[in-house]
Enquirer: 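Quick one: this structure, given as structure tokens, is what I'll be asking you about.
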Amino acid sequence: MGEVLVLIDHTNGRIRKPALELLTLARRLGTPAAVVLDGGAATATLAAEAGAYGAATVYVADAPEFADYFIAPEVDALHQIVRAADPTAILIPSSADGKETAARLALRLDSGLITDAVDLDVDDSGPLAVQSVFAASYQVTSRVTHGTPVITVKPNTTIPEPAPTTCRTENVTVRFSPAATRTEIVSRTPRTASARPELTEADIIVSGGRGTGGAEGFTVVEQLADALQAAVGASRAAVDAGWYPHTHQVGQTGKQVSPRLYLAAGISGAIQHRAGMQTSKVIVAVNKDPEAPIFDLADYGVIGDLFTVLPGLTEHLVTPTD
Ligand code: FAD
């Protein structure tokens, strides 16, 4: 079986969950190999963690360019590793950065690109990627027909499963192209830390819409989110009204999420909102209008006032009665 390269997304010296999911999925397609860029002092820890999730080889590259310049240095590194390793496929997390890296890499390799896969498979002709489209009403299975497949995969596509293996580390010295240093990062401001999980990686999301009636209405959304250890999402109507920060917007022009559970409270289910959450595994809608389109998509629906339903659910979770 050929190597399947996985670009390792990491933070604070740990591999992020979506990359562990990719190492798990990569085992279906071939032998996982991890690419750790800019690991710094945490490189050995990251390599060991990748090995614990099945990576037989860990390609490691460190250089100031990764931190100082945007996206292009990563593409140079991946391009060089792909040319040397000739893998079966390249898997990249479906974050905004990941999709840009994947697109540039595919162009460089003259390869086909599939983005936002929600599942991966393989047949005699190679890797297959499943995408969920048109408000989750169709699943499309595609393959790349030219070059080395470059595939981005949405978070929460599978549960990360350890598969400890003996892994070797290969140091790579990247020869950066002039294009790598064309966009310099001039400053970094860390976001105010929140105890809640990152929206795009969360297992559970509780989202509020115009039905919350105002910024104070999000209190019941946040209380339920905290009881479920969930992230908080919002519709564009709610963020445009200034009731919740734009960084929490879910949808076509917001974040694309794919949690195990998505609870939409006071959200009508406009197509642009669905575009960002339709691949959630289980969708629960709370809406007082029985005709709301969100119920067409929901697995479970509660017709009722969110100011009654959400606090009731929170109460039950905090002090279970049975
Ligand atoms: P509404 O459609 O007004 O729905 C509010 C719902 O709350 C209603 O169904 C109502 O019955 C219910 N409700 C009211 N009170 C209560 C209560 N007390 N209890 C329970 N239910 C209650 N939208 C996004 O969300 N994300 C996007 O990324 C996005 N991108 C867009 C891009 C473009 C180009 C355009 C044109 C639009 C985009 N929109 C996006 C906007 C989208 O079309 C909708 O306008 C928006 O999603 C509506 O938000 P909402 O469901 O919160 O509000």
Side-chain angles (χ1 to χ4, degrees), residues 94-100 115-116 118 131-137 152 154-156 196-202 204-228 230-259 261-317:
S94 258
S95 58
D97 285 11
K99 283 192 268 191
E100 184 168 347
T115 55
D116 287 338
V118 293
Q131 291 161 300
S132 179
V133 300
F134 294 139
S137 43
T152 76
K154 282 193 164 195
N156 294 318
R196 297 193 186 103
E198 162 65 31
L199 189 59
T200 52
E201 294 175 16
I204 305 176
I205 296 173
V206 182
S207 276
R210 205 188 321 251
T212 57
E216 346 42 82
F218 264 83
T219 306
V220 292
V221 176
E222 289 185 329
Q223 285 167 341
L224 179 57
D226 290 342
L228 289 165
V232 174
S235 72
R236 177 156 157 187
V239 304
D240 279 355
W243 302 345
Y244 220 69
H246 274 282
T247 45
H248 291 255
Q249 183 186 320
V250 172
Q252 182 185 317
T253 44
K255 300 248 168 82
Q256 307 274 312
V257 299
S258 195
L261 172 64
Y262 187 88
L263 192 149
I267 293 176
S268 61
I271 188 79
Q272 296 90 353
H273 187 79
R274 292 174 179 215
M277 45 65 78
Q278 65 199 14
T279 53
S280 305
K281 306 292 174 297
V282 176
I283 297 169
V284 177
V286 180
N287 198 302
K288 63 183 184 184
D289 174 8
E291 303 296 324
I294 191 79
F295 288 126
D296 298 338
L297 185 65
D299 298 285
Y300 300 94
V302 182
I303 301 165
D305 189 327
L306 70 90
F307 292 104
T308 310
V309 177
L310 267 54
L313 198 47
T314 306
E315 173 80 25
H316 182 75
L317 287 162

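Being a predicted model, the structure only gives us computed values, none of them experimental. Note: hydrogens, waters and symmetry copies are ignored here, and every other heavy atom, side chains too, is used. Note that ligands are numbered from 1 as they come in the structure, with each ligand's atoms numbered from 1 the same way.
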Enquirer: Identify, with sequence neighbours excluded, every residue that meets side-chain hydrogen bond (donor to acceptor under 3.5 Å, both in side chains) alongside Gln223.
Expert: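 Partners of Gln223 by the side-chain hydrogen bond (donor to acceptor under 3.5 Å, both in side chains) criterion come out as none, since no residue qualifies.
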Enquirer: Mind jotting down which protein residues get a heavy-atom contact under 4.0 Å with ligand 1? Chain and number order, please.
Expert: Gly209, Arg210, Gly211, Ser235, Arg236, Ala237, Gln249, Val250, Gly251, Gln252, Thr253, Gly254, Gly266, Ile267, Ser268, Ala270, Gln272, His273, Asn287, Lys288, Asp289, Gly304, Asp305, Leu306, Phe307
Enquirer: Counting distance only, does the side-chain N/O of Arg196 pair as donor-acceptor with the main-chain N or O of Ala231 below 3.5 Å?
Expert: no
Enquirer: If the test is side chain to side chain contact (heavy atoms under 4.5 Å, CB included), which one of Asp299, Leu261, Val206 qualifies with Val284?
Expert: Leu261
Enquirer: Could you work out, with side-chain hydrogen bond (donor to acceptor under 3.5 Å, both in side chains) as the rule, every residue matching Lys255, not counting sequence neighbours?
Expert: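 Result, side-chain hydrogen bond (donor to acceptor under 3.5 Å, both in side chains) vs Lys255: none returned.
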Enquirer: Cut-off 3.5 Å, no hydrogens considered: what does the side-chain donor-acceptor table look like for residues 304-312, sequence neighbours left out?
Expert:
residue, atom, partner, partner atom, Å
Asp305, OD1, Phe307, N, 2.8

Enquirer: Any salt bridge between Asp116 and Lys99, counting N to O under 4.0 Å?
Expert: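 The answer is yes: the pair qualifies as a salt bridge.
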